[in-house]
Amino acid sequence: MSTWLSPLPWTAWPPIARLARAETLSLRQADFISAVRLQGASPARVLWRHIVPLCLPSVIIRITMNMAGIILTAAGLGFLGLGAQPPEPEWGRDDLQWPYLHDGVLVGGDNSGAGDSYQQLSVSTF
């Protein structure tokens, strides 16, 4: 991967950290957190069982929204010739070590007829 594309995801984390910190500080003053503390919960339990689940959705949304900017920046760098060079993929790797699964394996059907009838398909339970 090009040296220009590697730091792109790492430069987007400060606004996400600020968002998580602001939400944590506002939740710290909430009444239900005080009630949990009065019941004797440890600070780690308050953090992981009460604060993190409430902060996580907004952080995930912010990361998702930032991905659009990262993709556009990578496309702009590729347009300028600073992106990944032609045999090299920009996103992901080509040399995965785990075997690829066929769609038929996941559905559990017989792939020999290539969809002759719907009676061949059976949903497999894992």
Side-chain angles (χ1 to χ4, degrees):
M1 177 154 297
S2 172
T3 58
W4 290 95
L5 293 177
S6 300
L8 285 179
W10 299 108
T11 59
W13 73 268
I16 297 167
R18 273 188 244 121
L19 173 70
R21 183 177 187 275
E23 285 196 25
T24 302
L25 291 177
S26 67
L27 285 173
R28 194 171 79 176
Q29 305 301 326
D31 292 335
F32 70 93
I33 298 294
S34 300
V36 170
R37 282 192 192 134
L38 287 174
Q39 290 177 349
S42 67
R45 182 173 177 87
V46 171
L47 178 69
W48 291 108
R49 296 279 298 180
H50 300 283
I51 293 178
V52 169
L54 292 174
C55 291
L56 201 57
S58 60
V59 169
I60 290 173
I61 290 170
R62 182 64 187 245
I63 289 171
T64 305
M65 299 296 283
N66 283 354
M67 279 305 294
I70 291 171
I71 290 170
L72 286 174
T73 304
L77 288 172
F79 180 74
L80 294 174
L82 299 173
Q85 298 307 314
E88 184 179 343
E90 279 190 20
W91 301 98
R93 293 179 16 198
D94 283 339
D95 59 343
L96 293 175
Q97 298 300 320
W98 52 278
Y100 292 102
L101 294 176
H102 244 251
D103 292 336
V105 173
L106 296 176
V107 175
D110 182 18
N111 286 343
S112 62
D116 287 336
S117 69
Y118 290 110
Q119 296 173 353
Q120 292 177 348
L121 298 176
S122 62
V123 177
S124 60
T125 57
F126 290 88

Is any side-chain heavy atom of Trp13 closer than 4.5 Å to a side-chain heavy atom of Asn66?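 No, too far: nothing below the 4.5 Å cut-off.
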Are side-chain heavy atoms of Met67 and Ile70 found at a separation under 4.5 Å? yes
Side chain to side chain donor-acceptor pair (under 3.5 Å) contacts touching residues 15-35 (sequence neighbours left out):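 Only Glu23-Ser58 qualify under side chain to side chain donor-acceptor pair (under 3.5 Å).
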If you count heavy atoms of other groups shown closer than 6.0 angstrom to CZ of Phe32, is the number above 12? yes
Checking Ala22 now: which residues fulfil side-chain contact (heavy atoms from CB on, under 4.5 Å) with it, not counting sequence neighbours?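 For Ala22 there are no side-chain contact (heavy atoms from CB on, under 4.5 Å) partners, ignoring immediate neighbours.
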Donor-acceptor pairs under 3.5 angstrom involving side-chain atoms of residues 36-56: please list them, not counting sequence neighbours.
| from | atom 1 | to | atom 2 | distance (Å) |
| --- | --- | --- | --- | --- |
| Ser42 | OG | Arg45 | N | 3.2 |

Roughly how far, to the nearest 0.5 Å, is CD1 of Ile33 from CG of Leu27? 6.5 Å
Residues sharing Leu72's hydrophobic cluster, by side-chain heavy-atom contacts under 4.5 Å among ILVMFWY, directly or via others?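 So far as hydrophobic clustering goes, Leu72 is joined with none.
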